[in-house]
Participant: 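Could you have a look at this structure, given as structure tokens, before my questions?
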Amino acid sequence: SSDLAGRDLVKKLIIFDIDGTLRDERFGIPASAIWAINNCKANGHELCLCTGRSKAMIQPDILKLSIPCLIAGGGCYIEYDGNVLLDQRFQTKQIMQVLHISKANDCALAIETKTKVFMNEKACAIFQKMNKMKHKESDKKTYQQYQQNEQIRYENNLSQYDGKAVHKICLWTNGTVFKQIQRVLQTDMMLAQSDTYENMQYYEIICRDCGKKEAVMRVCNYLNIDQKQTIAFGDGMNDAQMLAYCETGIAMGNADVHVYPYADAICESVQEDGIYHELVRRKIVERKECYEKTVVAEGSCISDLSKKF
């Protein structure tokens with residue numbers, strides 16, 4: 001008998017964050033997640049990528065999944081089947097003021113346009129340090145593979161900013177400087193997430209009403225799918241409100257612990273095939289044990305699912 005016997009056949013909208021959720025930054029997308037996504041498509045469910053990355057920064061292996069719905073820039077950009085539903089940006093004059101304030105206060109700053117990330121020397125050093133920490137246990141081959149797939153270049157290139165529209169501002173500073181930025185952006189901004197980093201406060205600023213939660217609401221409205229038919233997977237604080245909004249919010253086992261209170265359940269980590277196992281448990285996809293085997297890849301458990309699927 002099928003594992004899916006008696007399952008709810010109502011079409012779901014299943015939303016996946018990318019980094020740390022659908023994709024492991026060192027090893028890529030688990031084969032189990034690829035199979036689960038194809039199975040979801042075959043069962044008639046709507047799928048959606050929901051990432052803080054700009055569209056141009058999304059990794060090639062993710063694009064190969066051919067998921068029609070994309071929420072990018074943390075919620076500032078939405079497209080479905082190639083049709084742009086939302087493309088919200090800050091005013092250029094606002095960004096020029098932000099650049100002036102950050103320079104005057106010697107802040108670490110990164111800004112994102114549709115096609116590129118621009119950062120100053122301090123922000124570049126922070127990103128490189130965080131990147132080094134993420135990959136401290138990776139061997140040379142694994143790290144080279146990561147570099148080939150990574151679309152974001154961490155370089156001191158803020159002086160090359162070309163005045164194109166910006167949808168995200170990443171700032172490492174103190175509360176006083178942040179208030180200056182708030183006065184510039186006024187009601188046009190919202191915080192996607194904030195945290196402490198060493199002796200600084202980190203602020204991730206996006207356009208007002210353009211968070212991941214708001215983007216999912218827009219997609220539900222566009223596709224005429226009820227909120228009660230939504231499932232979301234995420235791992236970062238910028239996923240928290242999305243997980244809370246969706247009928248079923250799933251935090252990855254490797255998620256920031258502060259995300260857990262916003263989720264309805266916690267699944268295994270990316271490396272432990274969390275998406276696959278959770279969708280099986282919820283009878284969204286069917287497990288075929290005869291084709292499934294687990295292999296150890298560089299110390300992480302990633303399923304190798306037979307092409308017979």
Side-chain angles (χ1 to χ4, degrees), residues 15-21 48-59 62-63 67 69-80 82-102 107-120 123-124 126-127 150-155 157-173 178 180-195 202-219 222 234 236-242:
I15 305 115
F16 305 97
D17 170 55
I18 295 178
D19 298 297
T21 298
C48 179
L49 295 171
C50 188
T51 178
R53 290 173 177 256
S54 303
K55 183 180 178 181
M57 304 300 148
I58 296 173
Q59 303 92 331
I62 291 289
L63 296 176
I67 292 175
C69 187
L70 170 65
I71 296 169
C76 299
Y77 178 87
I78 307 172
E79 71 171 42
Y80 185 83
N83 297 312
V84 178
L85 310 182
L86 180 73
D87 190 0
Q88 191 70 34
R89 309 290 175 199
F90 290 111
Q91 298 174 45
T92 301
K93 65 179 182 179
Q94 291 176 318
I95 296 303
M96 298 312 292
Q97 288 179 272
V98 168
L99 293 177
H100 176 75
I101 292 169
S102 65
C107 303
L109 176 75
I111 55 175
E112 294 187 21
T113 69
K114 202 170 184 178
T115 58
K116 198 165 184 177
V117 180
F118 297 92
M119 63 190 76
N120 62 16
C124 181
I126 290 170
F127 279 127
E150 181 53 75
Q151 300 298 295
I152 300 174
R153 294 290 170 257
Y154 301 108
E155 53 192 6
N157 63 350
L158 189 59
S159 61
Q160 299 171 24
Y161 172 58
D162 51 11
K164 289 184 179 176
V166 168
H167 67 266
K168 186 194 290 185
I169 302 164
C170 298
L171 185 70
W172 293 260
T173 186
F178 176 63
Q180 292 182 49
I181 301 291
Q182 280 184 307
R183 285 195 288 271
V184 169
L185 301 177
Q186 298 183 6
T187 57
D188 292 337
M189 63 156 280
M190 66 180 283
L191 270 180
Q193 58 183 326
S194 63
D195 201 356
Y202 169 67
Y203 302 96
E204 186 174 305
I205 303 166
I206 58 175
C207 300
R208 180 172 58 91
D209 295 332
C210 287
K212 290 188 174 186
K213 169 191 168 183
E214 291 81 3
V216 169
M217 292 170 69
R218 288 182 169 105
V219 169
Y222 180 77
M237 281 307 296
N238 62 342
D239 299 315
Q241 294 301 323
M242 173 183 73

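Everything numeric in this text was worked out from a predicted model, so none of it was measured.
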Participant: Rounded at 0.5 Å granularity, tell me how far CG in Leu158 sits from CD1 in Ile111.
Facilitator: 5.5 Å
Participant: Would you check if the side chain of Asn120 reaches a backbone N or O of Leu109 as a donor-acceptor pair within less than 3.5 Å?
Facilitator: yes
Participant: From Cys210 SG over to Asp87 CG, what is the distance, rounded to the nearest 0.5 angstrom?
Facilitator: 9.5 Å
Participant: Given side chains that start at C-beta, do those of Arg218 and Leu85 come closer than 4.5 Å, heavy atoms only?
Facilitator: no
Participant: Mind checking whether Asn157 and Val117 have side chains closer than 4.5 Å, heavy atoms only?
Facilitator: no
Participant: Quick one: does Ile169's side chain get under 4.5 Å of Ser102's, heavy atoms only?
Facilitator: no
Participant: Any donor-acceptor pair under 3.5 Å linking the side chain of Asp239 with the backbone of Lys212?
Facilitator: no
Participant: What distance separates Tyr222 OH from Leu86 CG, expressed to the nearest 0.5 Å?
Facilitator: 13.0 Å
Participant: Taking the side chain as C-beta and beyond, is there a heavy-atom pair between Val166 and Tyr161 under 4.5 Å?
Facilitator: yes
Participant: Using side chain to side chain donor-acceptor pair (under 3.5 Å), reason through Asp209 and Gln88 one step at a time and then give a plain yes or no.
Facilitator: CA-CA 10 Å; Asp209 295 332; Gln88 191 70 34; over 6 Å; no
Participant: Ignoring hydrogens and geometry, is there a side-chain-to-backbone donor-acceptor pair from Lys168 to Gly52 under 3.5 Å?
Facilitator: yes
Participant: State, yes or no, whether a side-chain contact exists between Gln160 and Lys116 at a heavy-atom distance under 4.5 Å.
Facilitator: yes
Participant: Nearest 0.5 Å please: distance from the CH2 atom of Trp172 over to the SG atom of Cys107.
Facilitator: 11.0 Å
Participant: Between Lys213 and Val216, is a side-chain contact (heavy atoms from CB on, under 4.5 Å) present by the stated rule, with each step listed?
Facilitator: CA-CA 5 Å; Lys213 169 191 168 183; Val216 169; 6.0 Å; no
Participant: First locate atom OH of Tyr77, then atom NZ of Lys55, and finally report the distance between them rounded to the nearest 0.5 Å.
Facilitator: 4.0 Å
Participant: What residue among Asp17, Ile15, Ile62 forms side chain to side chain contact (heavy atoms under 4.5 Å, CB included) with Leu49?
Facilitator: Ile62
Participant: Please assess Phe90 against Ile205 for the test side-chain contact (heavy atoms from CB on, under 4.5 Å), listing each intermediate value before the final yes or no.
Facilitator: CA-CA 10 Å; Phe90 290 111; Ile205 303 166; 4.0 Å; yes
Participant: Can you tell me how far SG of Cys48 sits from CD1 of Ile67, rounded to the nearest 0.5 angstrom?
Facilitator: 8.5 Å
Participant: Would you say that Leu70 contacts Ile58 through its side chain, given a criterion of any heavy-atom pair below 4.5 Å between the two side chains?
Facilitator: yes
Participant: Can you name the side chain to side chain contact (heavy atoms under 4.5 Å, CB included) partners of Ser54, sequence neighbours left out?
Facilitator: Met57, Glu112, His167
Participant: Sequence neighbours excluded and cut-off under 3.5 Å, please list the side-chain donor-acceptor pairs for residues 185-192, or say none.
Facilitator:
| from | atom 1 | to | atom 2 | distance (Å) |
| --- | --- | --- | --- | --- |
| Gln186 | NE2 | Arg183 | O | 3.4 |
| Asp188 | OD2 | Gln94 | NE2 | 2.8 |

Participant: Write down the atom of Ala123, the atom of Met119, and the distance for their closest heavy-atom approach.
Facilitator: CB-CB, 3.9 Å
Participant: Any side-chain heavy-atom pair from Arg53 and Gln59 closer than 4.5 angstrom?
Facilitator: yes
Participant: Is Tyr203 close to Ile181 at the side-chain level, that is, under 4.5 Å between some pair of heavy atoms?
Facilitator: no
Participant: I need the minimum non-hydrogen distance between Cys76 and Cys207, along with the two atoms involved.
Facilitator: SG-N, 3.9 Å
